[in-house]
Amino acid sequence: MSSLLTQQVSFSPLLANVHSYASEFFKASSTLGFLTNSVFVALVVLSLVLWFSRKATKNMTLVPHKAQNFFEFIVEFLYGQVEGIVGKKLAPRTFPLLGTIFIYILVSNWFGLLPGVGTIGWGEGTGFLSVKEVHDPLFRPPTADLNMTFGLSISMFLVWFYITIREVGLWGFLVHTFGPKGGLKGLMGAVVAAVFLFVGVIEIFSIIFRPVTLSFRLFGNILAGENVLHTMSDMGGFIGSILAPFPFYFMELLVGLLQAIVFTLLCAVYIQLSTTHDDHGHEEAHH
């Protein structure tokens, strides 16, 4: 008999038991078949981010209150980092998405470390409000679901494509990708052109696979961290289940931050690389 209970294997409720798949709340044929435990937590995280941003900016004053001051610090710091990568021209256009993605991924990563996430759910009952093992958690970290990370990557890829085409144009993008550099002519120019044509084909495949690498990197690190915590919680009995995962718990706080930084940083670098004008090439052509 399965029921909504807490896990009895480990004493600590802070440690997650995360599977590589999301559990559905309703039948796939129903209207709410899309609602899984990871989608549910994703909506909770989104609501928290929107609530705090609304609270911090609703009654803004010259002398900021605590929420406004903290929110402004985050926005100013992130904007400075984005501007340092993509430049002053593209920063206003790219920051809203890049900043939002960073905050959302960071909160999602850390949300998976909260008490009850992965340890409260459905399983084989062993007693009152307890199960031997939670097979279908009620809460699941969104970034430990490949569907969520892939969706973020695809969204970022579409925005990257739109900004690139708007900034340099389709022809400019093709010239930037396949065009020879160096201004050589004659036989050497033809050889260099063939080399850059081959490199351009490789670059196109690299661009196509960017959403895959971005999504798997984020998904793999978060899922691995959650399972490490769960494994450590089963070691050493009652005391060991508390002490053994303790250092790993703080390590996952750092991993969650680093993964949010890496995902956002790579997206910013991709935009910067594809929108950089070949000013040196234009100068040589002018001379």
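Starting from 1, each residue takes its place in the sequence as its number.
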So do [Y] and [X] actually touch side chain to side chain, heavy atoms under 4.5 Å?
X: T36; Y: R140; result: no
X: F102; Y: L98; result: no
X: C267; Y: F157; result: no
X: S215; Y: L146; result: yes
X: P142; Y: Y104; result: yes
X: N69; Y: F73; result: no
X: S274; Y: V168; result: no
X: I103; Y: L78; result: yes

| task | Please answer whether the main-chain N or O of I202 pairs with a side-chain N or O of S206 as donor and acceptor at a distance below 3.5 Å. | result | no
Look up atom [atom1] in [X] and atom [atom2] in [Y], then write down how far apart they are to the nearest 0.5 Å.
X: K89; Y: T275; atom1: NZ; atom2: OG1; result: 9.0 Å
X: L266; Y: L273; atom1: CG; atom2: CG; result: 10.0 Å
X: L152; Y: T143; atom1: CG; atom2: OG1; result: 9.0 Å
X: F263; Y: L106; atom1: CZ; atom2: CG; result: 13.5 Å
X: I165; Y: E167; atom1: CD1; atom2: CD; result: 11.0 Å
X: T57; Y: F52; atom1: OG1; atom2: CZ; result: 9.5 Å

Considering non-hydrogen atoms only, spot the tightest contact between [X] and [Y] and give its length.
X: F95; Y: V82; value: CD1-CG2, 4.0 Å
X: T164; Y: W160; value: OG1-O, 2.7 Å
X: A91; Y: Y79; value: CB-OH, 3.7 Å
X: Q68; Y: M60; value: OE1-CA, 3.2 Å
X: F219; Y: T149; value: CB-OG1, 3.7 Å
X: P141; Y: S38; value: O-CB, 4.4 Å

If you group Ile, Leu, Val, Met, Phe, Trp and Tyr by side-chain heavy-atom gaps below 4.5 Å, do [X] and [Y] land in one group?
X: L97; Y: L158; answer: yes
X: L258; Y: F77; answer: no
X: F198; Y: I208; answer: no
X: F209; Y: Y270; answer: yes
X: I261; Y: L254; answer: no

| task | Take V255 and E252 through the test side-chain contact (heavy atoms from CB on, under 4.5 Å) and record every step on the way to the result. | result | CA-CA 5 Å; V255 170; E252 287 308 311; 4.0 Å; yes
| task | Only one of I85, L90, T94 passes side chain to side chain contact (heavy atoms under 4.5 Å, CB included) with Q272; say which it is. | result | I85
| Stepwise side-chain contact (heavy atoms from CB on, under 4.5 Å) check, I271 with M156 | CA-CA 10 Å; I271 293 175; M156 196 59 240; 3.7 Å; yes
| message | Please determine whether side-chain contact (heavy atoms from CB on, under 4.5 Å) holds for the pair N109 and I105, giving the CA-CA distance in whole Å, both sets of side-chain angles, and the decisive distance to 0.1 Å. | response | CA-CA 6 Å; N109 292 346; I105 292 178; 3.5 Å; yes
